[in-house]
Amino acid sequence: MDIQAQLKQAVAEAITSLYNLPVENVLIQPTKKEFEGLYTFVTFPLTKSTRKPPVEIGQAIGTYLKENTHLVSKFNVVQGFLNLSISDAVWVDEVSGMLADPHWGQLPSRNESVMVEFSSPNTNKPLHLGHLRNNFLGDSVSRILKASGYDVVKACLVNDRGIHICKSMLAYQEFGNGETPESTGMKGDHLIGKYYVWFDKAHKQQIEELIEEGMSKEEAEKKTPLLLKVQEMLRKWEQGDPETVELWKLMNSWVYAGFAETYHEIGVRFDKTYYESETYLLGKDVIEDGLQKNVFYRKPDGSVWIDLADEGLDQKLVLRSDGTSVYMTQDLGTTDLKFQDFPIQRGIWVVGNEQDYHFAVLFAILRRLGRPYADGLFHLSYGMVDLPSGKMKSREGTVVDADDLIEEMVETARNRTRDLGKIDDFESEEATLLYHMLAMGALKYYLLKVDPKKRMTFNPEESIDFQGHTGPFIQYTHARICSVLRKAEQLGVNPVGTLNSVELAESEQQLVYLLTQFVQRITEAGTDYAPSYLAQYAFELAKAYNQFYGELSILSEPNADKLKFRVALSKAVVETIRKSMELLGIEVPSKM
RNA sequence: GGUCCCGUAGCUCAGUUGGAUAGAGCAUCUGAUUUCUAAUCAGACGGUCUUUGGUUCGAAUCCAAACGGGAUCACCA
């Protein structure tokens, strides 16, 4: 049992013993740093039931804890706040315990499986900044859930069909001149993206022309020769026209090759990939099921609907009058498919908050259909990424391309490292790996440190910052500790085995205190689907270590027990930093 | 217009089920390297927690309204 839980129990005992009162939930909070102590119990809530002043209660409980437990070494009372100091022997034991625990940072199995769907790209354009937030969140949440004891299936649903895909296909047919990624030297996804943009431009031009000929804007938007052709192409694709399917396959293969490169760069992998071209027809049997259960109703024109007005969600179409699927139909079908394919109990979708309504409806429908998994579904709804200049708009060309961004970050990492003269050979393979590690560390940390639910601003200048509240700051601290540990090893200091109790400085107590919070932070990050908790935690830990490092000497400490403890503490911190960062999908260097 | 989300330092963000004088980073200024990595550390400056009212021992946090910003309300995905 961790210290905080032990304290809670001890305080509860104290209250029962001193006042003979039933105790519900004892609240222990961290002590504010201007007061002595690390844990604080607030006595205000007890004033009513005990009819005693808050200070007296604090004194009584403090005295009880000091006399009856081995935990508390001293205490002080400020108004209704009882501040508790933990004895150094307890802290020292905590550190030995962590180092001896082979499962440090891995919670026991819950015998429960969960699927996390994320990334889910369109095959008509390259990945951009918004996708990066999605990918980093999905990947990190998967890691956090795994550490929390769940079995995790990482899934990706590729949006590889539909009218938007046909647009780049048509543009390629019209203007492509048989270009290929090889002939142009372009990454496949960028090449396809180019045609998607071409289509959009040409289409707009045709709209203008039609308007000049006297057509209304609304009509013109639906009647351009290009749009009619694209609709024809989609029909052909759905009928399996060999030529169309051939082109579709060819162009998608280029896109996938491009995506594979980017996924490799950002270190994201999936256990299962679904393709919409294979799943878009699913869901019609779900519609039948719903009609039979009277969850859905059919309108005279043949379209099928659900009425969720009593849940504040309005009426929603689930099948078109011509019998074809809409987005909702497909999602109903793929959700069933996921739960057939894998022995999972829960499903998570990492999708932007512009789809909040869609998922509210999806989950409501599945509940009404009585799906056994319906209560285990969650939409991890994240906020959009803005630029300092405002929203990213593809039409105005303000979208930040993922590959470009990564390249820029690597370049910055290389320049910084050179300017600081940090390593010997700047062109070695090791150096290249380091630049990549730092670049991805900066980028991932920048996007993950913010609460996922919140809309965030991406400031290019800040994102490449390597100082302060950044990934590289934490990576640096890791490298710094590794350096100390290497030297300790040369000196023959071995931090395993029991540690003798020593007197600790405040910065040391603070560090151990933070370490003991690790498991709780993982748990909270898992239940709230919030990698930002661990990002904050890793930063706090690194900062606390740097403070300790600046104040105290480790290797030239004359007292052998203290020296050994500090090396052990450093080892526990380096492990915990590494694991925290790993949960964010960020690698850490041993030198930088 | 209906529904939902957001509003904390000049900027970017933390702030656990309501607790002490609201915290970090960046930016600005000052100091620290004969000593384990200065991509670091110490310090200064910086606040009407959008506003108003309510709940109570106690509110950035809960409730209500107003103002400001965003999303969504397709036989699109």
Side-chain angles (χ1 to χ4, degrees), chain A residues 25 27 29-35 40 42-45 47-48 54 78-81 83 120 122 159 162-164 276 280 299 301-305 312-314 316-322 324-328 330-331 352-358 360 381 383-384 386 388 391 413 416-417 419-420 422 438 446 449-451 453-459 461-463 465-470 472-473 475-477 479-488 491 520-521 524 528 532-533 535-536 539-540 542-543 545-557 566-567 570 591-592:
Chain A
N25 192 20
L27 177 80
Q29 61 192 22
T31 303
K32 299 206 71 158
K33 67 178 178 193
E34 59 261 46
F35 299 99
T40 294
V42 183
T43 62
F44 286 118
T47 51
K48 266 188 187 165
V78 183
Q79 298 166 44
F81 300 91
N83 303 320
S120 307
N122 288 329
N159 186 236
I163 193 88
H164 50 295
E276 205 186 293
Y280 80 105
K299 284 192 178 176
D301 66 1
S303 58
V304 180
W305 296 73
L313 289 171
D314 225 337
K316 191 80 187 169
L317 175 94
V318 292
L319 194 71
R320 289 196 190 99
S321 52
D322 64 4
T324 57
S325 304
V326 290
Y327 182 36
M328 190 61 72
Q330 296 176 37
D331 259 3
N353 63 10
E354 74 269 17
Q355 292 194 33
D356 283 355
Y357 184 74
H358 171 77
S381 158
M384 296 293 101
D386 289 327
K391 291 176 69 170
R416 288 296 298 231
T417 308
D419 291 348
L420 292 168
K422 280 289 181 181
L438 294 177
Y446 187 86
K449 73 175 173 184
V450 183
D451 182 342
K453 293 191 288 291
K454 290 193 178 173
R455 167 180 279 272
M456 67 175 292
T457 307
F458 181 86
N459 185 325
E461 285 167 31
E462 276 179 18
S463 68
D465 233 320
F466 281 24
Q467 285 163 12
H469 191 189
T470 66
F473 170 88
Q475 290 172 316
Y476 170 77
T477 309
R480 195 183 218 189
I481 303 174
C482 285
S483 173
V484 172
L485 292 175
R486 278 191 298 269
K487 296 213 161 111
L491 293 172
Q520 196 185 326
R521 296 295 263 274
E524 288 166 352
D528 291 354
S532 56
Y533 292 2
Q536 294 289 339
F539 176 62
E540 283 169 34
K543 213 165 45 145
Y545 187 87
N546 283 324
Q547 191 187 346
F548 154 77
Y549 182 92
E551 275 175 15
L552 301 169
S553 168
I554 301 165
L555 299 176
S556 48
E557 165 59 44
R566 287 177 191 166
V567 172
S570 299
K591 285 181 191 171
M592 70 180 268

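In this text, all values refer to a predicted model and were calculated from it rather than measured experimentally. Letters A, B, ... are given to chains in the order of the sequence lines, protein chains preceding strands, and every chain is numbered from 1.
Taking only side-chain nitrogens and oxygens, A/K391 comes nearer than 4.0 Å to OP1 or OP2 of B/A71. Contact annotation: A/T457 side-chain N/O to B/C13 OP1/OP2 distance is under 4.0 Å. When the side-chain nitrogen and oxygen atoms of A/R320 are compared with OP1 and OP2 of B/C76, one or more of them lie within a distance under 4.0 Å. Contact between the side-chain N/O atoms of A/K449 and the OP1/OP2 oxygens of B/G25 is not found at any separation under 4.0 Å. Look at A/R486 and you won't find any side-chain N or O under 4.0 angstrom from OP1 or OP2 of B/U37. Close to B/G19, at under 4.0 Å from its OP1 or OP2, lies no side-chain N or O of A/K32. Put simply, A/K454 has no side-chain N or O that comes within less than 4.0 Å of OP1 or OP2 on B/C13.
Base contact: A/N83 has a heavy atom under 4.0 Å from a base atom. Here A/L438 lies in heavy-atom contact (under 4.0 Å) with a base. Counting non-hydrogen atoms under 4.0 angstrom, A/N459 reaches nothing in the nucleic acid. A/G468 comes within 4.0 angstrom of sugar-phosphate atoms only, judged by non-hydrogen atoms across all strands, and of no base. Contacts of A/F44 with the nucleic acid, taken as non-hydrogen atoms under 4.0 Å apart, include base atoms. Here A/N159 lies in heavy-atom contact (under 4.0 Å) with sugar-phosphate atoms only. Residue-level contact check: A/Q79 touches neither bases nor backbone, having no heavy atom under 4.0 Å from any strand. Using a 4.0 Å heavy-atom cutoff across all strands shown, A/K453 reaches no nucleic acid atom at all. When heavy atoms are screened at a 4.0 angstrom cut-off, A/Y357 is found touching the sugar-phosphate backbone but no base atom. Residue A/E276 is in sugar-phosphate contact alone, with no base atom involved, counting any heavy-atom pair closer than 4.0 Å across all strands shown. Nucleic acid contact for A/L552: base, since at least one base atom lies under 4.0 Å from a heavy atom of the residue. Within the nucleic acid shown, A/P388 has no heavy atom closer than 4.0 Å to any nucleic acid atom. Contact annotation for A/K33: backbone-only contact, meaning every heavy-atom pair under 4.0 Å involves sugar-phosphate atoms and none involves a base.
Annotation for A/W305 and A/L317: closest pair CE3-N, 3.4 Å, computed over non-hydrogen atoms.
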Secondary-structure string, 5' to 3', Watson-Crick or G-U under 3.5 Å, | for another-strand partners, for RNA chain B:
(((((((..((((.....[...)))).(((((.......))))).....(((((..]....))))))))))))....
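Centre separation under 5.5 Å together with a plane angle under 30° holds for the ring of A/F81 and the six-membered base ring of B/A20, marking them as stacked. Stacking between A/F35 and B/A20 is shown: the ring centroid lies under 5.5 Å from the centre of the six-membered base ring, and the planes differ by under 30°.
The number of heavy atoms from other shown groups lying within 6.0 Å of CD (A/E34) is above 12. With a 6.0 Å radius and a threshold of 12 heavy atoms from other residues, nucleotides or ligands, A/K299 has its NZ atom above the threshold.
A residue-by-residue look at A/M384 and A/M328 shows that A/M384 has its nearest nucleotide of RNA chain B further toward the 5' end. Both A/S321 and A/Q29 sit near RNA chain B, but only A/Q29 has its closest nucleotide nearer the 5' end.
Each of B/C41, B/A20, B/A77 was ranked by its minimum atom distance to the side chain of A/T40; first place goes to B/A20. If you check B/A77, B/G23, B/U16 against the side chain of A/E34, the one that comes closest is B/G23. Here the nucleotide nearest the side chain of A/P45, chosen from B/C13, B/G19, B/C36, is B/G19.
Between the CG atom of A/D451 and the P atom of B/U8 there is a distance of 14 Å, given to the nearest Å. When rounded to the nearest whole Å, the span between CG of A/D356 and P of B/U3 equals 16 Å. Here B/A24 presents its P atom at 11 Å from CD of A/E540, a figure rounded to the nearest Å. Across the protein-nucleic acid pair, A/Q330 atom CD and B/A77 atom P stand 6 Å apart, rounded to whole Å. The separation between A/K48 atom NZ and B/U56 atom P is 9 Å, rounded to whole Å. Rounded to whole Å, atom C1' of B/G70 lies 12 Å from atom CD of A/E354. The distance from atom OH of A/Y446 to atom P of B/A24 is 20 Å, rounded to the nearest whole Å. In this structure, CZ of A/F458 is placed 16 Å from C1' of B/C11, rounded to the nearest angstrom.
Rounded to whole Å, the separation between the P atoms of B/C6 and B/U61 comes to 13 Å.
Note that the CD atom of A/E462 and the OG1 atom of A/T470 stand 11.0 Å from one another [nearest 0.5 Å].
Aromatic rings from A/Y545 and A/F548 are positioned such that their centres are separated by under 6.0 Å.
Between A/D451 and A/K453, at least one side-chain N (NZ, or NE/NH1/NH2) sits under 4.0 Å from a carboxylate O, which counts as a salt bridge.
Inspection of the A/R480 and A/N546 side chains reveals an N or O donor paired with an N or O acceptor under 3.5 Å.
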Take A/S463 and A/F458 through the test side chain to side chain contact (heavy atoms under 4.5 Å, CB included) and record every step on the way to the result.
CA-CA 7 Å; A/S463 68; A/F458 181 86; 3.4 Å; yes
Please test A/Q467 against A/R416 for side chain to side chain contact (heavy atoms under 4.5 Å, CB included), starting from the C-alpha separation and ending with a verdict.
CA-CA 11 Å; A/Q467 285 163 12; A/R416 288 296 298 231; 3.0 Å; yes
Passes side chain to side chain donor-acceptor pair (under 3.5 Å), A/N459 versus A/T457? Steps please.
CA-CA 6 Å; A/N459 185 325; A/T457 307; over 6 Å; no
